[in-house]
Protein chains: 2
Amino acid sequence: MSEQVDKNLAERAKVFRALGHPMRLILLNLIREKPRHGQELAAILSLNPATVSHHLAALSNAGMVVSTKDQYYQIFSLVKENLAKTLDEMIYIPSAQMMDSVKEDAYKKKVLRTFFHNNILLAIPAQRKKQQIILEEIANAFEFNRKYSEKEVNHILVDFYEDVASLRRGLIDFGLMERSQGVYWRIKKPSDPLPESSLLTNKED
Amino acid sequence: MSEQVDKNLAERAKVFRALGHPMRLILLNLIREKPRHGQELAAILSLNPATVSHHLAALSNAGMVVSTKDQYYQIFSLVKENLAKTLDEMIYIPSAQMMDSVKEDAYKKKVLRTFFHNNILLAIPAQRKKQQIILEEIANAFEFNRKYSEKEVNHILVDFYEDVASLRRGLIDFGLMERSQGVYWRIKKPSDPLPESSLLTNKED
DNA sequence: TATTTATTTTCAATTTCATCAAATTATATT
DNA sequence: AATATAATTTGATGAAATTGAAAATAAATA
């Protein structure tokens with residue numbers, strides 16, 4: 001439940017962050033006039049195309065714009081529905097959920113501080129609740145709607161912790177990722193079931 | 001005119017940036033329930049008071065909260081009026097002003113790129129229009145609603161450029177700062193008049 | 001196939017932000 | 001005065017964001 005809010009919270013913050021740059025506000029207004037492609041926007045703003053691409057990616061990740069491909073043009077247009085809310089609505093957390101959310105947040109932060117240092121996992125926690133927290137954190141290194149080979153998965157995981165096999169299995173067990181014939185992909189927030197298995201018990205893969 | 005928009009743009013972006021952090025969203029919701037002081041908020045969130053202070057300063061600078069002093073408590077409360085707008089309204093720039101704004105922005109960026117490197121002023125431009133741009137940039141290093149001694153002013157300016165006397169005089173001439181008996185303060189955007197004097201002509205101070 | 005055009009990704013340099021400890025400022029209490 | 005409490009500022013450190021050059025993709029066209 002409070003999970004839901006927390007998740008939401010991070011996502012709301014992401015929207016605000018995406019809007020928190022003057023150049024991106026100009027981009028949105030140019031796109032509002034009519035859908036445009038990156039090259040055009042870069043020309044208008046006399047900006048490096050790569051820079052525009054970065055900005056558009058941020059806006060796209062936050063759901064403020066969508067793009068469709070037309071020939072070799074990527075045409076960006078505004079998602080007006082997502083701009084209809086007031087700041088107030090974007091910010092609001094029902095007070096019933098507040099304390100849960102706050103406590104959850106404080107607990108998570110404590111666990112992450114304990115088990116991570118400089119983005120490196122010091123050890124795999126013994127408690128499943130804590131495993132869940134650290135695995136959710138690690139899962140964020142993977143994008144949604146993308147396939148990863150096992151090699152790619154390992155490459156990402158080894159930066160966190162040497163025992164990539166345990167991490168990989170944990171991500172699957174906790175429903176954060178799925179695998180089919182050697183291909184992995186991230187899963188869109190499961191309904192938070194604690195799995196039977198623990199990362200510290202059955203070690204085979 | 002397009003100045004007006006640009007200025008606005010930066011300010012709007014600042015509001016979004018202030019809202020672009022999960023912790024600050026929680027802070028706003030806690031403050032919404034009832035006005036609170038920093039210590040209380042820090043305790044609830046098990047956060048260092050200094051951290052809370054920084055967050056509240058960001059929210060305050062963006063106009064999302066105000067504070068009143070009561071004994072030695074600084075009580076923060078929500079500015080609901082500023083949360084009533086939709087994202088759309090916050091973002092919108094009338095298309096008439098768009099092109100002006102864009103051109104202005106591109107020009108400014110070009111001038112700043114030419115005359116600054118790593119936040120250091122390479123030279124004082126000869127044209128007053130460009131002087132204005134670089135001085136406005138430098139003026140941002142000073143806060144509003146604060147007094148600075150000449151020593152403090154110099155200390156800030158010397159990081160930009162050795163000839164602090166010229167910069168100081170420029171800030172005054174262009175109406176970006178005012179001085180009275182050795183005390184300086186920043187001025188709230190004048191109506192952009194180009195002064196008669198140029199930084200490169202009369203050099204006495 | 002080779003070349004052009006648009007876009008994205010990767011990498012590196014730089015800047016800005018987040019966080020907390022320590023020092024400082026301001027007010028209240030003894 | 002000395003002590004206690006709240007808040008802010010400063011400094012250090014790590015994390016994240018911005019930017020653009022260069023390389024990699026992808027589609028169109030000669």
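Source: prediction; values computed, not measured. A, B, ... follow the sequence lines: proteins, then strands. Residue 1 opens every chain. Computed over heavy atoms, backbone and side chain alike; hydrogens, waters and symmetry mates excluded.
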Original post:
For the residue pair B/Phe142 and B/Tyr148, does the interplanar ring angle fall in the parallel (under 30°), tilted (30 to 60°) or perpendicular (over 60°) class?
Top reply: perpendicular
State whether [X] places a side-chain N or O below 4.0 Å from either non-bridging phosphate oxygen (OP1 or OP2) of [N].
X       : N     : result
A/Ser53 : C/dT8 : yes
A/Gln71 : C/dA6 : no
A/Tyr73 : C/dA6 : yes
A/His37 : C/dT5 : no

Test your reading of the model: is there a side-chain donor-acceptor pair from [X] to the backbone of [Y], 3.5 Å cut-off?
X        : Y        : result
B/Glu152 : B/Ser149 : yes
A/Thr86  : A/Glu89  : yes
A/Asn29  : B/Ile93  : yes

To the nearest Å, give me how far apart [atom1] ([X]) and [atom2] ([N]) are.
X       : N      : atom1 : atom2 : value
A/Gln74 : C/dA6  : CD    : C1'   : 9 Å
B/Lys69 : C/dA26 : NZ    : P     : 8 Å
A/His55 : C/dT9  : NE2   : P     : 16 Å
A/Ile75 : C/dA6  : CD1   : P     : 11 Å
B/Leu56 : C/dC17 : CG    : P     : 17 Å
B/Gln39 : C/dA28 : CD    : P     : 16 Å
A/His21 : C/dT16 : NE2   : P     : 11 Å

Subject >> Spacing of CG belonging to A/Leu30 relative to CG belonging to A/Leu45, to within rounding of 0.5 Å >> reply: 5.5 Å
When you compare the side chains of [X] and [Y], does any donor N or O come within less than 3.5 Å of an acceptor on the partner?
X        : Y        : result
B/Ser166 : B/Asp163 : yes
B/Tyr184 : B/Glu178 : no
B/Gln131 : B/Gln127 : no

Original post:
Start at the 5' end of DNA chain D and walk down; is the nucleotide closest to A/Asp70 or to B/Gly38 reached first?
Top reply: B/Gly38
N/O contacts under 3.5 Å, protein versus nucleotides 20-23 of chain C?
{"from": "C/dC20", "atom 1": "OP1", "to": "A/Arg113", "atom 2": "NH1", "distance (Å)": "2.9"}
{"from": "C/dC20", "atom 1": "OP2", "to": "B/Thr51", "atom 2": "OG1", "distance (Å)": "2.9"}
{"from": "C/dC20", "atom 1": "N4", "to": "B/His54", "atom 2": "NE2", "distance (Å)": "3.4"}
{"from": "C/dA21", "atom 1": "OP2", "to": "B/Asn48", "atom 2": "ND2", "distance (Å)": "2.9"}

Original post:
Do A/Asp173 and A/Arg168 meet the salt-bridge criterion of a basic N to acidic O distance under 4.0 Å?
Top reply: no
Original post:
First contact, last contact: which nucleotides of DNA chain D are these for chain B, 5' to 3', heavy-atom distance under 4.0 Å?
Top reply: D/dT5 to D/dG20
